[in-house]
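Each remark here refers to the structure printed beneath this line.
Just follow the structure's listing: the first ligand is 1, and inside any ligand the first atom is 1. In this chain, numbering begins with 1 at the start of the sequence shown.
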Amino acid sequence: MDWKLDRTAKKPLYKQLAEYIENGITDGTFPPDKPLPSERNLAKEFNINRSTVVTAYDELEANGLIQRNRGVGTTISKDIWGITKKRIPSWNRYIEAGSFLPNLPVTQKIRQQSVEGQLINLASGELSEDLFPVKALRKITSTRSFIGSLGYDHPLGNAILRETITKHVKEFRKIETNPSSILITSGAQQALYLVVQCLLKPGDAVVLEEPSYHYSLPIFKSAGIKTYFLPVDKDGINPEDLVLLHKKHRIRMIFLNPVFQNPTGTLLSENRKREILRISSEYGIPVVEDDPYSLTAFSGEKMLALKSLDLNGNVLYISSLSKIVASGLRIGWIIGPKPVIERLSDAKQQIDFGHASYNQWIANDFLESEEFHAHIKNLVEKLKIRRNQIVTSLQCYLKNQVDFFIPEGGIHIWCKIKRDFNEMELLEESIKRGVIYAPGNTMGSQKGFVRFTFARENEGTIHEGIRRFSDAFHAIE
Ligand SMILES: Cc1ncc(COP(=O)(O)O)c(C=O)c1O
């Protein structure tokens with residue numbers, strides 16, 4: 001046999017073997033009426049453990065390609081070649097061939113545990129059920145007369161909601177805009193995706209914060225964008241670094257999360273905001289301001305938006321209701337120069353023909369309601385209590401072991417672990433003990449950091465979660 005395993009490849013040996021057999025089934029190397037090679041023979045032939053062959057055969061069996069028959073050995077599934085002559089497509093090859101990259105396996109694992117697990121969840125960047133304004137939303141849905149346009153809505157999103165967002169960003173963010181410069185998106189995430197897909201091309205260089213919001217990282221990779229990272233200190237990124245990077249790599253776009261940054265919780269200082277805008281104007285580099293957290297300032301203060309200082313249209317401003325109302329509504333928006341918004345809107349039409357009208361009506365009515373302000377006040381108070389709790393719990397269980405910045409808003413706390421440790425081992429050990437968090441290396445960060453989110457759990461479970469994390473941390477010493 002000519003085919004060989006590649007022992008230097010990242011792909012596990014069992015996967016390589018499973019693919020080889022799958023290809024052989026498809027191209028007739030392994031005829032349908034003959035048994036497949038035995039596990040022992042394959043192990044001998046490729047000089048691998050028999051357990052590797054067993055895992056490869058397990059995978060092929062789970063995909064319905066082969067069957068194991070007592071006494072006869074392993075054969076090609078009858079459903080493919082046998083009586084019915086049905087062919088199952090080689091899904092694995094399709095899955096791996098797509099140009100849209102999957103999330104990192106560790107990110108997928110955390111996501112799966114967050115959705116399905118019974119763990120204390122200090123990983124998921126969302127509010128707990130009791131922080132959603134359920135009563136007010138119920139009132140809206142029970143009294144709202146949903147008669148009217150149930151067809152496809154305006155390509156930019158519901159006109160009344162865009163009017164409301166125009167007022168909302170003026171009140172809370174001092175941003176002057178108008179409804180035709182706003183596109184309603186499926187959360188801030190879709191806005192980021194549209195920007196990358198429509199305004200950048202493969203090979204373009206962009207600046208991201210280091211560390212930064214991890215669910216946006218694969219979007220750049222999939223689009224073939226070159227990412228350069230600038231470290232975030234307690235005042236955000238340093239504008240001087242930006243100029244140096246631009247001179248070296250011709251930066252096409254800057255992505256920032258300037259207020260209560262995910263994951264560090266820091267604020268980009270006013271001086272730096274002004275300086276970044278100046279650089280943006282001098283070199284003609286657009287800035288994307290991703291701003292889902294600014295209404296969560298524990299002081300109740302209104303935070304300065306880059307977009308509010310932007311007189312020339314250099315900034316694309318993105319926000320959403322996910323962190324202040326409910327992530328399940330999937331309401332986000334992007335504000336920018338009209339031609340840009342129209343370009344993004346055209347792409348959004350190709351993707352989904354616009355956002356669900358029900359959600360837009362609910363979002364509109366809630367933003368317009370008397371309850372909105374009271375809800376934000378209550379939300380911020382509760383988040384502050386939880387922030388205080390996590391700080392207390394970290395000091396209680398991990399004093400002298402971690403350093404952290406105490407955020408004045410947002411939902412994340414970013415901790416540096418003061419000793420060397422194995423990131424995967426700590427995560428596995430924590431999951432075993434019933435707590436999940438986001439390891440720093442999923443956020444483009446150097447080793448040695450973890451992110452805890454304090455919005456999804458209450459004070460009691462936050463404390464217990466940190467206790468379990470501390471147990472895991474000490475167990476791997
Ligand atoms: C900085 C940042 N941007 C964007 C998003 C995406 O949020 P959504 O799509 O739910 O609005 C998140 C979510 O955690 C975030 O932290």
Problem - side-chain contact (heavy atoms from CB on, under 4.5 Å) partners of R250, counting only residues at least two apart - result: none
Exercise for the section: Not counting sequence neighbours, which residues clear side-chain contact (heavy atoms from CB on, under 4.5 Å) with L267? List them please. Expected result: V259, F260, M303
Handout entry: side-chain contact (heavy atoms from CB on, under 4.5 Å) partners of Q401, counting only residues at least two apart
Key = L398, F473, H474
Handout entry: Side-chain donor/acceptor of E289 to backbone N/O of L306, under 3.5 Å
Key = yes
Practice task
Check the angle between the aromatic planes of F454 and F298 and answer parallel, tilted or perpendicular using the 30° and 60° thresholds.
Solution key: tilted
Nitrogen or oxygen contacts under 3.5 Å, ligand 1 side and protein side:
unit_1, atom_1, unit_2, atom_2, d
ligand 1, 3 (N), D290, OD1, 3.3
ligand 1, 3 (N), D290, OD2, 2.5
ligand 1, 9 (O), A188, N, 3.1
ligand 1, 9 (O), Q189, N, 2.9
ligand 1, 9 (O), R330, NH2, 2.9
ligand 1, 10 (O), S322, OG, 2.6
ligand 1, 10 (O), R330, NH1, 2.8
ligand 1, 11 (O), A188, N, 2.8
ligand 1, 11 (O), S320, OG, 2.7
ligand 1, 11 (O), S322, OG, 3.1
ligand 1, 14 (O), K323, NZ, 2.6
ligand 1, 16 (O), N262, ND2, 2.8
ligand 1, 16 (O), Y293, OH, 2.6

Handout entry: Distance-only side-chain donor-acceptor flag, R162 / N178, under 3.5 Å
Key = no
